Structure formats: structure tokens, C-alpha cells
Q: 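Structure below; questions to follow.
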Amino acid sequence: MNRQQSEREKKWKERGDKFWRVFLFTKDGRPKSGFMIYTFSLSLVFLALYIISFLGVLELLAPWLGEKTGILVNLIPSVIVLFIGLLVSVLLHHLLKDKRLMLGTYGWLVLYLITVAVTMAIYLHDAEAYGLFLGAFFWFAILPVIPALICHWFLCRRDYHPQVRTEPEPDWKKYIRRQ
């Protein structure tokens with residue numbers, strides 16, 4: 001059991017090291033994966049955008065919503081924040097040259113959501129408390145992010161066209177390719 005556990009820990013450590021190596025730089029000083037760094041950075045910007053949007057929207061709607069309860073009280077701010085985030089992200093999607101960046105950004109945001117949900121499941125041992133958390137989590141995290149992710153998936157499918165090499169393939173590659 002101890003040997004299996006140490007092998008499993010070693011395997012997970014190798015996976016973690018492999019993941020974090022993507023963020024390191026090459027000998028030339030360039031990032032190994034610019035896409036990962038750009039999307040990670042954009043995800044932090046969008047996380048801040050969503051938090052600031054929620055604080056602003058809730059502050060503006062507090063006089064009208066007041067002490068009311070119900071689905072609309074939660075739905076209205078979530079949809080407004082969804083449209084704010086979607087507006088900014090679609091604008092960036094059209095301005096940025098690489099059409100995958102916003103999809104990758106929302107991929108990071110979904111990874112954050114999964115991390116928060118799993119962490120809270122570990123810390124909240126009571127099923128009722130976790131159920132209350134999931135209710136708030138749905139309105140204030142899942143509802144604004146998942147529709148935007150779906151929207152950017154469709155935009156990326158529509159707009160992303162990988163670069164095709166125009167130079168011909170060398171002759172020596174024809175002879176070593178298996179058929």
C-alpha cells in the first residue's frame with residue numbers, strides 16, 4: 001500500500017510539474033505557451049470584471065429589489081452581469097487576432113468554478129449547507145459564466161481558422177511517411 005501510494009504521489013507530482021512547466025520561459029526568454037499565459041491573465045481580468053459587475057449591479061438594484069425574495073431577485077442581477085461580461089468578451093473576441101483566446105479564458109473560469117465547488121464540498125460537511133452554497137453559486141457564478149462559455153465555443157468554431165502552411169513539404173518526408 002505504501003509503495004502504491006508513493007508511486008501515485010510521484011505520478012501526480014510529475015503531472016503537476018508538467019503543467020507548471022508551460023508557464024516557464026525558454027532559453028530565449030519567450031514563454032513556452034503564450035496561449036496559456038494570455039488566457040490565464042485574461043481569466044483573472046474577467047474574474048475581476050465579474051466581481052466588480054456584481055458589486056455594482058447589486059448596489060444599483062438594491063433600492064428596487066429591497067427585501068423581496070424569489071427567482072427574479074436572483075435572476076435579474078445574474079443576467080445583467082452575464083450581458084456585461086458577454087459584451088466585453090465578444091468585443092475582445094472580435095478585436096483579438098487569435099480567436100481562441102476568449103474560449104480559453106472562459107475555460108480557465110470554468111476551472112475556477114469547479115475548484116471552488118469541490119473545495120466547498122470538502123469544507124462544508126453538512127449537505128444542507130452545501131445545498132445553500134450551490135444555490136448561491138448557481139446564481140452568482142455558474143449562470144453568468146456557462147452561457148458565455150457556450151457562446152464563445154460557437155464563436156470560436158465559426159471564426160477560428162488554423163494557419164495553413166503554404167510552403168511545400170520536403171521530398172524526404174514523402175519517403176519516411178508510413179502508409
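Just so you know, these numbers use all the heavy atoms, side chains as well, and skip hydrogens, waters and symmetry mates. What you see is a predicted model; the values in this text were computed from it and never measured.
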Q: List in chain and number order the residues that pass side-chain contact (heavy atoms from CB on, under 4.5 Å) with Ile114, two or more places apart in sequence or in another chain; answer none if no residue qualifies.
A: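 Once residues adjacent in sequence are excluded, the partners of Ile114 under the side-chain contact (heavy atoms from CB on, under 4.5 Å) criterion are Val110, Val118.
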Q: Roughly how far apart are Leu103 CG and Arg157 CZ, rounded to 0.5 Å?
A: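 If I round to the nearest 0.5 Å, the distance is 11.5 Å.
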Q: Starting from Leu155, walk the hydrophobic network (Ile, Leu, Val, Met, Phe, Trp, Tyr; side-chain heavy atoms closer than 4.5 Å) and list everyone else you reach, by chain and number.
A: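 Its cluster partners, ordered by chain and number, are Leu86, Val90.
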Q: How many angstroms lie between atom CG of Leu149 and atom CG of Leu113, to the nearest 0.5 angstrom?
A: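 Reported to 0.5 Å precision, the distance equals 9.5 Å.
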Q: Side chain to side chain contact (heavy atoms under 4.5 Å, CB included), that's the test. Do Tyr38 and Leu96 meet it? Break it down for me.
A: CA-CA 11 Å; Tyr38 296 147; Leu96 296 172; over 6 Å; no
Q: Would you say Phe54 and Val116 are hydrophobically clustered, going by side-chain heavy atoms of ILVMFWY under 4.5 Å?
A: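 Yes; Val116 is reachable from Phe54 via cluster members.
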Q: Tell me which pairs pass side chain to side chain donor-acceptor pair (under 3.5 Å) where either residue lies in residues 44-53, with sequence neighbours left out.
A: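 Passing the test, one end in residues 44-53: Tyr50-Tyr106.
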Q: Tell me whether Met36 shares a hydrophobic cluster with Tyr160, the cluster being built from Ile, Leu, Val, Met, Phe, Trp, Tyr side chains joined at under 4.5 Å.
A: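 No, separate clusters.
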Q: Would you give the length of the straight line joining atom CE of Met102 to atom OG of Ser43, rounded to the nearest 0.5 angstrom?
A: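 Here the interatomic distance stands at 9.5 Å.
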Q: Write out all pairs satisfying ring pair (Phe, Tyr, Trp, His ring centres under 6.0 Å) with one or both partners inside residues 69-94, taking only residues at least two apart or from two chains.
A: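 Applying ring pair (Phe, Tyr, Trp, His ring centres under 6.0 Å) to every pair that reaches into residues 69-94, excluding sequence neighbours, yields His93-His152.
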Q: Between atom SG of Cys151 and atom CD1 of Ile146, what is the distance when rounded to the nearest 0.5 Å?
A: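 The SG atom of Cys151 sits 13.0 Å away from the CD1 atom of Ile146.
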Q: Listed by chain and number, what are the side chain to side chain donor-acceptor pair (under 3.5 Å) partners of Lys11, not counting sequence neighbours?
A: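 With sequence neighbours excluded, Lys11 shows a side chain to side chain donor-acceptor pair (under 3.5 Å) to no residue whatsoever.
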Q: Leu87, Ile51: one ILVMFWY side-chain cluster at the under-4.5 Å cut-off?
A: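 Each belongs to a different hydrophobic cluster.
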Q: Residues two or more places apart in sequence or in another chain: which of them pass salt bridge (Lys or Arg N to Asp or Glu O under 4.0 Å) with Asp98?
A: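 In terms of salt bridge (Lys or Arg N to Asp or Glu O under 4.0 Å), with neighbours along the sequence ignored, Asp98 is linked to Arg100.
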Q: Can you name the nearest heavy-atom pair linking Leu82 to Ala148, along with the distance?
A: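 Residues Leu82 and Ala148, closest heavy atoms: CD1-N, 4.0 Å.
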Q: What residues form a side-chain contact (heavy atoms from CB on, under 4.5 Å) with Leu44, not counting sequence neighbours?
A: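 Result, side-chain contact (heavy atoms from CB on, under 4.5 Å) vs Leu44: Phe40, Tyr112.
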Q: Among all residues two or more places apart in sequence or in another chain, which pass the side-chain contact (heavy atoms from CB on, under 4.5 Å) test with Leu61?
A: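 Listed in chain order: Val57, Trp64, Leu65, Ile76, Pro77, Ile80.
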Q: So, taking the atom named NZ in Lys10 and the one named CD in Glu7, what distance separates them when rounded to the nearest 0.5 Å?
A: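 Answer rounded to 0.5 Å: 8.0 Å.
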Q: Does Glu14 have any salt bridge (Lys or Arg N to Asp or Glu O under 4.0 Å) partners at least two apart in sequence or in another chain, and if so, which?
A: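 Here no residue qualifies.
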Q: Through direct or indirect side-chain contacts below 4.5 angstrom among Ile, Leu, Val, Met, Phe, Trp and Tyr, which residues connect to Leu91?
A: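 The other cluster members (ILVMFWY side chains, heavy atoms under 4.5 Å, direct or chained) are Leu95.
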Q: At what distance, to the nearest 0.5 angstrom, does CG of Leu47 lie from CD1 of Ile52?
A: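 Atom-to-atom, Leu47:CG and Ile52:CD1 are 10.0 Å apart.
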Q: Within a 6.0 Å radius of atom CD on Glu59, are there more than 12 heavy atoms belonging to other residues, nucleotides or ligands?
A: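 12 or below, so no.
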Q: When the side chains of residues 122-144 are checked against the rest of the protein, which donor-acceptor pairs come out under 3.5 Å, sequence neighbours left out?
A:
unit_1 : atom_1 : unit_2 : atom_2 : d
Tyr130 : OH     : Ala117 : O      : 3.1

Q: Do Ile84 and Ile150 belong together in a cluster built from hydrophobic side chains that touch within less than 4.5 Å?
A: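 Yes, one cluster joins them.
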Q: List in chain and number order the residues that pass side-chain contact (heavy atoms from CB on, under 4.5 Å) with Thr39, two or more places apart in sequence or in another chain; answer none if no residue qualifies.
A: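 Once residues adjacent in sequence are excluded, the partners of Thr39 under the side-chain contact (heavy atoms from CB on, under 4.5 Å) criterion are Phe35, Leu101, Thr105, Trp108.
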Q: Using every non-hydrogen atom in the two residues, find where Gly85 and Leu49 come nearest and quote the distance to one decimal.
A: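 Of all heavy-atom pairs spanning Gly85 and Leu49, the closest is CA-CD2, 4.1 Å.
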